[in-house]
Amino acid sequence: MSGLLESRFQNRLERPTSYGRRLKRVESKMREAELMAVDWLNSGWELVDTVEGSERVLAIRQFAPLDEEFEHLIYEIAEGLLATLDQVAFAIAGRHCPLWNDQQQTRSAFPIRDKELTNRSARRAFGEQVECWPEAALLALQTLQPYRYPLGPERAPLWLLRDLTNRGKHRTIAVVQSGMGLTNFSIGNGTIHRLEVIGSVDVITDEPQAYMRMSLANNVNASATIDVQIKFGAGPLLAGYSVMDSLNELYDYVRNTVLRKLLPFA
């Protein structure tokens with residue numbers, strides 16, 4: 001039965017629908033962002049091993065900026081996922097509202113709430129967005145709301161998605177930053193004289209930057225590998241988290257949790 005349900009779900013996504021086309025555009029943007037990230041991770045930084053006076057210095061240095069288009073792709077992916085949900089909401093209402101007027105169509109949207117609907121105006125606004133939805137669809141929608149999320153609304157995937165979209169809309173997504181570190185470090189003799197951890201810095205810049213410097217005695221036999229991650233900077237609720245991992249998780253939640261629950265009503 002699970003194979004049959006999966007086949008039906010996949011067939012719905014493959015149909016020439018507005019939400020299916022939106023989701024395919026998101027998938028294309030995600031592939032573009034992934035390629036851009038991998039290209040920079042493979043070529044935008046280096047491990048420098050030099051001698052300065054009586055010391056041997058190992059440093060991680062950026063010599064090429066991450067393309068600023070990467071930030072725009074983050075917004076386009078987040079906005080595209082929310083637009084997919086709005087199109088699903090539109091499809092559900094259109095199927096169950098045979099006499100749907102222009103005003104009702106304008107109000108149709110996928111509601112995302114971090115608080116329960118405790119006052120009349122909030123309940124009215126919510127009702128206008130999901131007018132004509134069948135009761136079973138409304139019950140499914142309620143289970144997806146951020147205020148129902150076990151870890152709290154600020155960790156709910158839909159709320160994180162909404163936050164990213166709003167920040168990108170107003171051009172306030174934080175500059176993407178990178179966490180780098182020397183890992184698997186070993187020394188054959190001698191001692192470390194000085195370790196400077198510079199931490200996460202702007203990776204969308206033309207200025208070469210050193211992320212970490214390790215000063216050693218000149219005769220030390222040392223080796224190291226580098227751990228590189230592209231993360232969100234300060235600002236969004238996802239600050240400090242891996243960009244691509246987060247976008248993949250948000251996409252997976254929309255496709256495999258939200259759409260699976262709601263497409264049967266569309």
Side-chain angles (χ1 to χ4, degrees), residues 5 8-9 12-13 15 17-23 25-26 74-173 235-239 246-247 249-266:
L5 292 176
R8 287 177 177 174
F9 175 66
R12 281 183 175 271
L13 290 181
R15 292 175 186 173
T17 60
S18 57
Y19 54 80
R21 288 190 291 269
R22 282 281 188 176
L23 193 63
R25 283 200 290 271
V26 168
I74 294 173
Y75 168 69
E76 289 177 2
I77 291 167
E79 190 275 335
L81 287 173
L82 281 190
T84 299
L85 297 180
D86 282 337
Q87 292 294 338
V88 170
F90 195 88
I92 294 173
R95 176 181 175 184
H96 298 278
C97 286
L99 300 177
W100 215 20
N101 60 45
D102 290 343
Q103 189 176 20
Q104 289 171 313
Q105 292 180 31
T106 301
R107 291 196 299 257
S108 174
F110 187 95
I112 298 175
R113 299 286 187 272
D114 65 335
K115 297 181 178 65
E116 292 195 60
L117 306 176
T118 56
N119 61 71
R120 183 180 300 175
S121 62
R123 288 194 297 269
R124 183 174 63 250
F126 184 90
E128 289 176 347
Q129 289 179 307
V130 295
E131 191 170 354
C132 294
W133 280 40
E135 186 66 24
L138 290 173
L139 289 174
L141 176 64
Q142 289 174 15
T143 67
L144 298 167
Q145 291 303 305
Y147 67 79
R148 293 281 189 91
Y149 196 67
L151 301 180
E154 288 198 347
R155 301 317 308 165
L158 291 181
W159 198 252
L160 296 174
L161 192 57
R162 180 181 181 274
D163 177 67
L164 271 186
T165 303
N166 286 342
R167 291 177 186 277
K169 188 184 303 181
H170 301 293
R171 302 179 182 274
T172 57
I173 286 184
L237 295 175
L238 284 167
S246 298
L247 293 177
E249 288 172 11
L250 293 176
Y251 165 82
D252 182 72
Y253 183 82
V254 168
R255 184 189 187 279
N256 295 318
T257 297
V258 181
L259 296 190
R260 281 182 188 277
K261 285 190 174 186
L262 295 181
L263 283 192
F265 306 104

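Quick note: residue numbers are just sequence positions, from 1.
Residue pairs meeting the salt bridge (charged side-chain N to carboxylate O under 4.0 Å, His left out) criterion with at least one member in residues 132-159, sequence neighbours excluded, do not occur.
The nearest pair of heavy atoms linking Phe265 to His96 is O-NE2, 3.1 Å. Between Leu250 and Pro157 the shortest heavy-atom distance is CD2-O, 3.4 Å. Closest approach of Ser108 and Ala93 over heavy atoms only: OG-CB, 4.3 Å. Residue Trp159 comes nearest to Pro153 through the heavy atom pair CB-O, 3.1 Å, listed as atom of the first residue, atom of the second, then distance. The shortest heavy-atom contact between Pro111 and Ala109 is CD-O, 3.2 Å. Across all non-hydrogen atoms, the minimal contact from Leu262 to Ala140 is CD2-CB, 4.0 Å.
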**Study point:** Candidate pair Leu85 and Leu259, rule side chain to side chain contact (heavy atoms under 4.5 Å, CB included), full reasoning
**Key:** CA-CA 8 Å; Leu85 297 180; Leu259 296 190; 4.2 Å; yes
Review point. Do Glu79 and Arg22 pass the side chain to side chain contact (heavy atoms under 4.5 Å, CB included) test, and can you show the C-alpha distance, the side-chain angles, and the key distance before you say yes or no?
Key: CA-CA 10 Å; Glu79 190 275 335; Arg22 282 281 188 176; 4.1 Å; yes
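Using a 4.5 Å heavy-atom threshold, the side chains of Tyr253 and Leu144 count as touching.
Going from atom CG of Leu139 over to atom OG1 of Thr143 covers 8.5 Å, rounded to the nearest 0.5 Å. The distance from atom OG1 of Thr17 to atom CG of Leu263, rounded to the nearest 0.5 Å, is 8.0 Å. Between the CG atom in Leu247 and the CG atom in Leu81 there is a gap of 8.5 Å [rounded to 0.5 Å]. Note that the CG atom of Leu23 and the OG1 atom of Thr84 stand 5.0 Å from one another [nearest 0.5 Å]. Atoms CZ and CD1, on Phe126 and Ile112 in that order, are 11.0 Å from each other to the nearest 0.5 Å. Taking OG1 of Thr165 as the reference point, atom CD1 of Ile77 lies at 11.0 Å (rounded to 0.5 Å).
None of Ile92, Leu82, Leu158, Val130 except one satisfies the side chain to side chain contact (heavy atoms under 4.5 Å, CB included) rule with Phe110; the exception is Leu158.
When the side-chain hydrogen bond (donor to acceptor under 3.5 Å, both in side chains) test is applied to Ser18, the partners found at least two apart in sequence or on another chain are Gln87.
No side-chain donor-acceptor contact under 3.5 Å links Gln145 to the backbone of Glu116.
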